[in-house]
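Here the structure is laid out as structure tokens; the discussion comes afterwards.
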Amino acid sequence: MSDTNIVRTRMAPSPTGELHIGGLRTLLYDYALARQNHGQFILRLEDTDQKRHVEGAESRIFQVIKDYGLSWDEGPDIGGPYGPYVQTKRLNIYQKYIKELLDQDLAYYCFCSEQRLTEMREVQKAAHKVPKYDRHCLKLSSKEIKQKIENGEKYVIRLKMPDNENIVFKDLIRGEIKFNTNELDDQVLIKSDGIPTYHFAVVVDDHLMKITHIFRGEEWISSTPKQILLYKYFKWEVPNFAHLTVLLDPSGHGKMSKRHGSTHARAFLDDGYLPEAMLNFLMLLGWNPGTDKELFTLDEFIKEFNLEHLHKKSPIFDRKKLDYFNGLYIRQKSDEELFPYFKKFLPQASDEQIKILIPVLKERLIKFSDLSEQVKFLFEDVDYDKDLLLKKGTSSELAAEMLNKTKELLSDFTNLSSRILNLISENSWNTGEFFMVFRVAICGSSFTPPLVECLPALGQEGTIRKLDLALTKLK
Ligand code: GLU
């Protein structure tokens, strides 16, 4: 850890697309550890791979983090004492450090052409060897190097791996991890356009930004020994690493994938999940409190989060559990708090209609995007077959009688629940049969939200109009 003992965590997204939901989980753990220890959480943009850069991705990443109610203490937009926090704005910094490595023979120039490297890899593959740079350029004398540079030959700068040395580090989740340098390639540190690779920039930045804990996905484990070697070459203190598990798809087919639903942090909000429900769900996807407690506010999580209870085993992204959490969080909110969500997801509804619908619909709601389908009948005449009205074996005549008598009753649009029940008993109708006819007439479907309670949102005129439409079908 750094000398000051202040916990500093960071999230370092590359602007190559939307923030993945797994990335948001990493960020949540970074955030909690920093807050818990009164440290800082830093956001840094790793944009050295310009080929994969997606226009506007950075602002979308920043915005989605804010939309989940999280924030950072230092970052590209707000600056901070160790900025700039965008890697392409730090190129002069990397130049200084690569020079140090070159001067100490810990890195070297490589002038090999793409063609030579491809041929080399093919030969290695044919011989069933792991493709690895053959150190062709390591033999060049300083005179040859100078000459080639003067001739304008293109080059990259590679890390010089020591032969047959063990690099060992203690992962906070997985314990000791060991690599032998013979398994590792002489990693390119600076590309031919002078821009550093991720491997080099990440080490320089994490050191200069005084990062103490690095949480990242387990797909980065094999990069860590190369980075540790760089820390050693520079004689810098190695930060703590915690490689988090991947999120598995509930289908049982490996990593969470787009084929089975959204995987981007933004998509879940667009789909009508509440940020606090999502965060609570993510807290437990890789960590447990050691008790049965499942519901955590962000503040509670910050207090209880600990490194000891991070999981070694990959969790399944159980969407049913997420739905359960979301339903709970929806019901914890007051009708006033729910108003903006209903408004957003039911743009055609008037404020009056929304006020009627919130208490009726919130009890069974799973996510806000389900709303529009549930109350589609308020805004359009859903087409249906006459047979659906008669689904329970009702005759056309009886169905017409039921609807006509209900129509008469609706000329007074008050106390609908009790007056409709009276009507049913006065006529000795079967309740189930009546409600099927009435339900289909109003909604065009046999599955609907609480029907009578929704009628005030449809209004007297609208309700009568739906009954008239149903009656024409029965003729
Ligand atoms: N820029 C890397 C990414 O996009 C960050 C990896 C790391 O955290 O070291 O995931």
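- For D193, the side chain to side chain donor-acceptor pair (under 3.5 Å) criterion is met by no residue, not counting sequence neighbours.
- Applying the side chain to side chain donor-acceptor pair (under 3.5 Å) criterion to H311, with sequence neighbours excluded, gives N288.
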Which donor-acceptor pairs under 3.5 Å do side chains of residues 159-170 form with protein atoms, sequence neighbours excluded?
| unit_1 | atom_1 | unit_2 | atom_2 | d |
| --- | --- | --- | --- | --- |
| K160 | NZ | D105 | O | 3.3 |
| D163 | OD1 | R135 | NH1 | 3.2 |
| N164 | OD1 | N180 | ND2 | 3.0 |
| N166 | OD1 | N180 | ND2 | 3.1 |

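- Note on residues 20-36: pairs passing salt bridge (Lys or Arg N to Asp or Glu O under 4.0 Å), not counting sequence neighbours, are R35-D73.
- The salt bridge (Lys or Arg N to Asp or Glu O under 4.0 Å) pairs that include a residue from residues 198-209 are R10-D206, R44-D205, R44-D206, R90-D205, where partners are two or more places apart or lie in different chains.
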Please table the atom pairs, donor to acceptor, closer than 3.5 Å between any side-chain atom in residues 77-85 and protein atoms at least two apart or in another chain.
| unit_1 | atom_1 | unit_2 | atom_2 | d |
| --- | --- | --- | --- | --- |
| D77 | OD1 | W72 | NE1 | 2.9 |
| Y85 | OH | E74 | OE1 | 2.7 |
| Y85 | OH | Y82 | N | 2.9 |

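- Taking the six-membered ring where tryptophan is involved, the planes of W220 and Y198 are tilted, since the angle between them lies from 30° to 60°.
- Within the structure, every pair that satisfies the side chain to side chain donor-acceptor pair (under 3.5 Å) test and touches residues 271-282, not counting sequence neighbours, is listed here: D271-S369, Y273-D323, E276-K333, N280-Y329.
- Legend: salt bridge (Lys or Arg N to Asp or Glu O under 4.0 Å) pairs involving residues 348-360, not counting sequence neighbours, sorted by first then second residue: K343-D351.
- Residue pairs that meet the salt bridge (Lys or Arg N to Asp or Glu O under 4.0 Å) test with at least one member in residues 116-128, sequence neighbours left out, are R116-D134.
- For Y94, there are no ring pair (Phe, Tyr, Trp, His ring centres under 6.0 Å) partners at least two apart in sequence or on another chain.
- For R158, there are no side chain to side chain donor-acceptor pair (under 3.5 Å) partners two or more places apart in sequence or in a different chain.
- Here E144 pairs with S141 under the side chain to side chain donor-acceptor pair (under 3.5 Å) rule; sequence neighbours left out.
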